[in-house]
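In what follows, a structure is listed as C-alpha cells, so that the remarks can point back to it.
All ligand and atom numbering here is 1-based and tracks the order in the structure.
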Amino acid sequence: MIGHRLRLQLLVGTQTALIIATKIYERIHGAPEQFWVSWTYWLPMAFGIFLALYIYRLRCRTCHAHQVMRGASIFDLRWPDERCYSCSSPMTGSTEEAEPIESHTKPRVRTSNDPEFWKKAKRRRNLFFYVWAGWLLAGFPLTTFYTWLLYPADQMTAGMAALATWGAFWYWTLYYLTRLRCVECGEKAFRHPFFLMRHARCSNCGVIRKAG
Ligand SMILES: [Zn+2]
Ligand SMILES: [Zn+2]
C-alpha cells in the first residue's frame with residue numbers, strides 16, 4: 001500500500017508527462033484541426049479533471065480538513081501526510097481502531113467471501129475506464145449532434161458542449177463506483193477507481209477479497 005503523498009506525486013508526474021508527451025506529438029505530427037476530439041487534448045484534459053477531483057476529495061475522515069488545499073491561496077497547497085495535518089488522525093484505515101504508525105503489530109486482515117460484491121466493484125471500476133476511453137468513439141458523433149442542435153453556434157462551442165456532456169457521464173461512473181457500500185461494514189468502500197482487483201480493499205474497514 002503506497003502512501004497518499006507518493007500516490008499524489010505519481011498522479012502529478014503522470015499529468016506532467018501526459019502534457020509534455022502530447023505537446024511533443026503535436027509538434028511532430030501537427031496540431032489537429034478539431035482539437036477537442038483529438039486524444040492529445042482530451043487525454044491530459046480528462047486526467048487533469050480527475051486529478052483535481054482526487055485532490056478535492058483528499059480530506060480527513062475525522063475533521064474533514066482538506067489535506068492538499070489547506071487554504072484559499074495557491075501558497076497553501078501542500079503534499080498530504082499519512083496523518084491529518086489538522087487533527088493528526090491517520091488518513092488510512094479505520095477511524096475507530098486508529099493505531100500509532102510506529103506500532104509493529106501486524107494488522108489483522110479480514111477477508112470477505114461475498115463474490116457478488118467484488119464482481120460489482122470490478123464492473124464499476126472498469127466502467128469508469130471504459131467511459132474515459134469511450135470519448136474517442138463518442139466525441140465525434142456528440143460534437144456533430146451539438147453542431148446540429150446549437151446551430152448556428154461554432155464548432156468550438158459544440159465541441160465544448162460535447163465534452164461537458166461526456167464529462168458529466170464520466171463523473172457519474174466515478175460516483176457510481178464510490179457509492180458502492182462495503183458488504184462488511186456498510187460504509188462506502190472505494191474512494192477512487194485506481195486500484196487493481198488483487199489489491200482491492202475497503203477504504204473504511206480494510207476488508208479484502210478472499211483469495212481463490
Ligand atoms: Zn483531521
Ligand atoms: Zn468495509
Practice task
Could you walk me through whether Phe169 and Trp166 pass the ring-ring contact (aromatic ring centres under 6.0 Å, His included) test, one step at a time?
Solution key: CA-CA 5 Å; Phe169 179 42; Trp166 199 254; 5.4 Å; yes
Practice task
Tell me how many protein N, O or S atoms are closer than 2.8 Å to the Zn ion (ligand 1).
Solution key: 4
Handout entry: Residue pair Trp170 / Leu163, side-chain heavy-atom distance below 4.5 Å
Key = no
Problem - Thr178 and Arg57, any side-chain heavy atoms less than 4.5 Å apart - result: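 Sidechains of Thr178 and Arg57: in contact.
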Problem - Verify same cluster id: Leu51, Phe195 (apolar side-chain graph, 4.5 Å) - result: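 As far as the 4.5 Å side-chain criterion goes, Phe195 and Leu51 are not connected within one cluster.
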Exercise for the section: Give a yes-or-no answer on whether the side chains of Gln155 and Thr143 include a donor-acceptor pair shorter than 3.5 Å. Expected result: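 Thr143 and Gln155 do not have a side-chain donor-acceptor pair below 3.5 Å.
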Exercise for the section: Name the orientation class of the two ring planes belonging to Trp132 and Phe128 (parallel below 30°, tilted from 30 to 60°, perpendicular beyond 60°). Expected result: perpendicular
Practice task
Hey, can you tell me if Phe47 and Phe194 have their rings parallel, tilted or perpendicular (30° and 60° cut-offs)?
Solution key: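 The arrangement is perpendicular - the two ring planes meet at more than 60°.
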Practice task
Identify which protein N/O/S atoms are less than 2.8 Å from the Zn ion (ligand 2).
Solution key: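 Those protein N, O or S atoms (cut-off: under 2.8 Å from the Zn ion (ligand 2)) are Cys182 SG, Cys185 SG, Cys202 SG, Cys205 SG.
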Handout entry: Pi-cation contact, Phe190 with Arg125 (under 6.0 Å, within 45°)
Key =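 Output no; distance or angle outside limits.
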Practice task
Please test Arg70 against Asp81 for salt bridge (charged side-chain N to carboxylate O under 4.0 Å, His left out), starting from the C-alpha separation and ending with a verdict.
Solution key: CA-CA 12 Å; Arg70 296 186 186 180; Asp81 294 308; 3.7 Å; yes
